[in-house]
**Student:** 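Here it is, the structure, as structure tokens.
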Amino acid sequence: MKIPILFILSSVSGGGKTTLRRHLLKTFPHLAWSVSATSRPARPGDIEGKDYIFLTKDDFETRIKNGDFLEYAIVHGGSSAKYYGTLKSSIDKFISDGKSVLCEIDVQGFYQIKKNYSGKVVSVFIQPPSLDIIRQRLIHRGDNSLLQIEERLETAKEELKHMKAYDHIILNDDLSKAKEDIVALFRKYL
Ligand code: 5GP
């Protein structure tokens, strides 16, 4: 039996990772999805337990103290700062069943997993074509205020500095090409 892999997918906000993640999960039905916990409020259309496990800030902090997270981070500065984290329970049940798991986390979480997780990890960074295009995508998406967009762009600038620490980089300039590239990459491992 193949060793189960913990796949990490990271990008900047608006980098296209949610679209690519959905495409991967459709293409590889045996790949499990790690639902993250967050203290950010649910957005319209978010489904509890499917998109995120929504926790209050206090509950999140209690679970940190209990050692329930494989990794967690405060993502985005200023008014958007919220906890996000991967619960050990979300990963362990799949890995112990021999299933590979995909998690979509930020750069801080990636470093924590690299340091603390003893199993096999494959990390992939989705590279956006430019920060200007990210700005346009975030404005077009319409679910963030202008202040939040500027904060996300600041975070993005920092995150792009760490892209080279990942095992693989997929350029998301043209979405169809990025979908093909990421499927070809995952096929090598799955
Ligand atoms: P959003 O609020 O737009 O759903 O997500 C914001 C960012 O939080 C995502 O771009 C992703 O990088 C990060 N994120 C989501 N889940 C996790 C998690 O479990 N751990 C960490 N460290 N970051 C996460």
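Computation of the quantities below employed the complete heavy-atom set of this structure, encompassing side-chain atoms and omitting hydrogens, waters and symmetry-equivalent molecules. Quick note: residue numbers are just sequence positions, from 1. Whatever order the structure lists them in is the order used to number ligands and atoms, beginning at 1.
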**Student:** Who are the ring pair (Phe, Tyr, Trp, His ring centres under 6.0 Å) partners of Y166, not counting sequence neighbours?
**Tutor:** F110, F125
**Student:** What pairs with Y117 under ring pair (Phe, Tyr, Trp, His ring centres under 6.0 Å), at least two apart in sequence or on another chain?
**Tutor:** none
**Student:** Measure up the F60 and Y83 rings against each other and bin them: parallel (under 30°), tilted (30 to 60°), perpendicular (over 60°).
**Tutor:** parallel
**Student:** Show, in sequence, the C-alpha distance, side-chain angles and deciding distance for D167 and K114, and conclude whether the salt bridge (charged side-chain N to carboxylate O under 4.0 Å, His left out) test is met.
**Tutor:** CA-CA 11 Å; D167 299 317; K114 246 176 104 132; 5.8 Å; no
**Student:** Would I53 and T38 count as a side chain to side chain contact (heavy atoms under 4.5 Å, CB included) if you check the C-alpha gap in whole Å, the side-chain angles of each, and the deciding distance to 0.1 Å?
**Tutor:** CA-CA 6 Å; I53 297 160; T38 182; over 6 Å; no
**Student:** Please, which pairs that meet ring pair (Phe, Tyr, Trp, His ring centres under 6.0 Å) have at least one residue in residues 34-59, sequence neighbours excluded?
**Tutor:** Y52-F54, Y52-Y84
**Student:** Give every pair formed by an N or O atom of ligand 1 and a protein N or O atom closer than 3.5 Å, one pair per line with both atom names and the distance to 0.1 Å, or write none.
**Tutor:**
from     : atom 1 : to   : atom 2 : distance (Å)
ligand 1 : 2 (O)  : R40  : NE     : 2.7
ligand 1 : 2 (O)  : R43  : NH2    : 3.2
ligand 1 : 2 (O)  : Y84  : OH     : 2.4
ligand 1 : 3 (O)  : R43  : NH2    : 3.1
ligand 1 : 3 (O)  : R152 : NH1    : 3.4
ligand 1 : 4 (O)  : R40  : NH2    : 3.1
ligand 1 : 4 (O)  : Y52  : OH     : 2.6
ligand 1 : 5 (O)  : Y52  : OH     : 3.2
ligand 1 : 10 (O) : K17  : NZ     : 2.8
ligand 1 : 12 (O) : D106 : N      : 3.4
ligand 1 : 16 (N) : S36  : OG     : 3.1
ligand 1 : 16 (N) : E104 : O      : 3.3
ligand 1 : 19 (O) : S36  : OG     : 2.6
ligand 1 : 19 (O) : E71  : OE2    : 3.4
ligand 1 : 19 (O) : G85  : N      : 3.4
ligand 1 : 19 (O) : G85  : O      : 3.1
ligand 1 : 19 (O) : T86  : OG1    : 3.4
ligand 1 : 20 (N) : E71  : OE1    : 3.4
ligand 1 : 20 (N) : E71  : OE2    : 2.7
ligand 1 : 22 (N) : E71  : OE1    : 2.8
ligand 1 : 22 (N) : D106 : OD1    : 2.7
ligand 1 : 23 (N) : D106 : N      : 3.1

